[in-house]
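Since the structure comes first, as structure tokens, the remarks are kept for the end.
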Amino acid sequence: MKRRTLRRSRREGSKMKGTVARQFPVQLGQVSLLPFQQPSSSSNPYRFQKLLEAERNEEEEQPKPSSLSLDVDADLDVDFSLDEKDFILSQDFFCTPDYITPDGQQISNSLDCNKENIPCPKSPEKLKTVRSKRQRQEGFLANSLSSSMLCNQVMDLESDSFDQDDLKTENPSVVASEKKMNYVSQSAVALRCRVLPPPCIRNPYIKEVGETDLDPLGSRRAKSTGFFSSVVGGDGLSRYHTDFHEIEQIGYGNFSRVFKVLKRIDGCMYAVKHSIRQLHQDTEKRQALMEVQALAALGSHANIVNYYTSWFENEHLYIQMELCDCSLSIKESSPFFSEGEVLEIMYQICTDCSGIAVHT
Ligand SMILES: Nc1ncnc2c1ncn2[C@@H]1O[C@H](COP(=O)(O)OP(=O)(O)OP(=O)(O)O)[C@@H](O)[C@H]1O
């Protein structure tokens, strides 16, 4: 009986071993091979301590995230059955996805976002906003500096006490900032050229004008500015066609033509004489201006054509004068003069000469 019971017990034991062996391959698909290679349950705590020691040694050598060590310690405190503990611990040790902490998941997600080129809306924008704010502040400072500089220079222009050389010598800080922003200085120069009045031309027929009354800004005017540049209309508009309506040509000379015109603003008729060809050289302009200066110096006289104004336009000299009813060159009645007409003409010429002598 004892032998039979022993045989039965051996047969049951072999049956049990067979069932355990059947169960392990199923579990191998889920856990590691560690518990299967040493099936003795009595040896598991010893192996687990070895694994813990090895794990601690690795932690001391290479410190790992606190979340991983906490998870391992937490597993040690839990009182599992030996078989379940083997499976769970082995899974805890070698199945890394269970140890990914939420922080780690965020990092991995962010890395994946970077890999997929998905824009992260917050942190890059903060960096950009800080930089852009700095740039805006710098730009604002630069603009404010430029505007303040421009205002200062405009004030200097208004006070009529500036010169580019004077600015450089009087205020070095302004000079330094001016070198950094050349466009400001250029705009100031352009503004200065616009604000400065045109030069005063000496009239050789008038002696009463002194040097200071002639051109008080002559010493402060830029040397690059031409003598006639401010006189020449440079705005692209025709003063002649803007202010006058041309009616007809009433005479011509060797170098000029005379037109009967209607001035738009006052509705009166005038004679405008302008040069035929363009006067490019200053000497040509000076020579043409002699007629204007003579007319201006004579002033108003009964037998002298009144002079009103003159200007340069597109390198042509324009002279606005009184419109005469008739002239010696245009005699419609008869090509010949009677004795009375000749005496009248001689009388007027003598009177004109006496008037000219008085003014000169
Ligand atoms: N103010 C005026 N009113 C009417 N006609 C004028 C006037 N000025 C000139 N003329 C006419 O135009 C003609 C030429 O004018 P003007 O005598 O001034 O030219 P010029 O001096 O001979 O020429 P240039 O100046 O080129 O030598 C005159 O003969 C006259 O008929």
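Order of listing sets the numbers, starting from 1, for every ligand and every atom in it.
Ser310 and Leu317 make their closest contact through CB-CD1, 4.4 Å (heavy atoms, listed as atom of the first residue, atom of the second, distance). Nearest heavy-atom pair across Asp266 and Cys268 is OD1-N, 3.1 Å.
Checking side-chain atoms of Glu313 against main-chain N and O of Tyr318 turns up no donor-acceptor pair under 3.5 Å. Under a 3.5 Å cut-off, the side chain of Glu322 and the backbone N or O of Asn306 do form a donor-acceptor pair.
For Met269, the CE atom sits in a packed shell: over 12 heavy atoms of surrounding residues, nucleotides or ligands are nearer than 6.0 Å. In the displayed structure, Gln287 atom CD is contacted under 6.0 Å by at most 12 heavy atoms of other residues, nucleotides or ligands.
Where the criterion is an N or O separation shorter than 3.5 Å, residue side chain and backbone included, Glu291 fails it with respect to ligand 1. Polar contact with ligand 1: present for Cys324 (N/O pair, distance under 3.5 Å). Between Phe255 and ligand 1, at least one pair of N/O atoms sits closer than 3.5 Å.
Of all the heavy atoms of Ser256, the ones lying under 4.0 Å from any atom of ligand 1 are found in both the backbone and the side chain. The part of Lys273 lying near ligand 1 is the side chain, judged by heavy-atom distances below 4.0 Å.
Within the listing of ligand 1, atoms 23 (O), 24 (P), 26 (O), 27 (O) sit less than 4.0 angstrom from a heavy atom of Asn254. Ligand-side atoms of ligand 1 in range of Glu322: 1 (N), 2 (C), 3 (N), range being under 4.0 angstrom from any heavy atom. Close approach to Val305 involves these atoms of ligand 1, each under 4.0 Å from a residue heavy atom: 1 (N). Heavy-atom proximity to Ile250, at under 4.0 Å, picks out these atoms of ligand 1: 4 (C), 5 (N). Close approach to Ala271 involves these atoms of ligand 1, each under 4.0 Å from a residue heavy atom: 1 (N), 2 (C), 3 (N).
In the candidate list Met321, Lys260, Met269, Met321 is nearest to atom 8 (N) of ligand 1, counting heavy atoms. Taking each of Asn306, Val258, Ile319 in turn, the one with a heavy atom nearest to atom 9 (C) of ligand 1 proves to be Val258.
Within the 4.5 Å cutoff, no side-chain heavy atoms of Glu284 are placed close to those of Gln278.
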Got a list of side-chain donor-acceptor pairs under 3.5 Å for residues 247-264, not counting sequence neighbours?
| from | atom 1 | to | atom 2 | distance (Å) |
| --- | --- | --- | --- | --- |
| Gln249 | NE2 | Gly251 | O | 3.4 |
| Arg264 | NE | His241 | O | 3.3 |
| Arg264 | NE | Thr242 | O | 3.1 |
| Arg264 | NE | Phe244 | O | 3.3 |
| Arg264 | NH2 | His241 | O | 3.0 |
| Arg264 | NH2 | Phe244 | O | 3.0 |

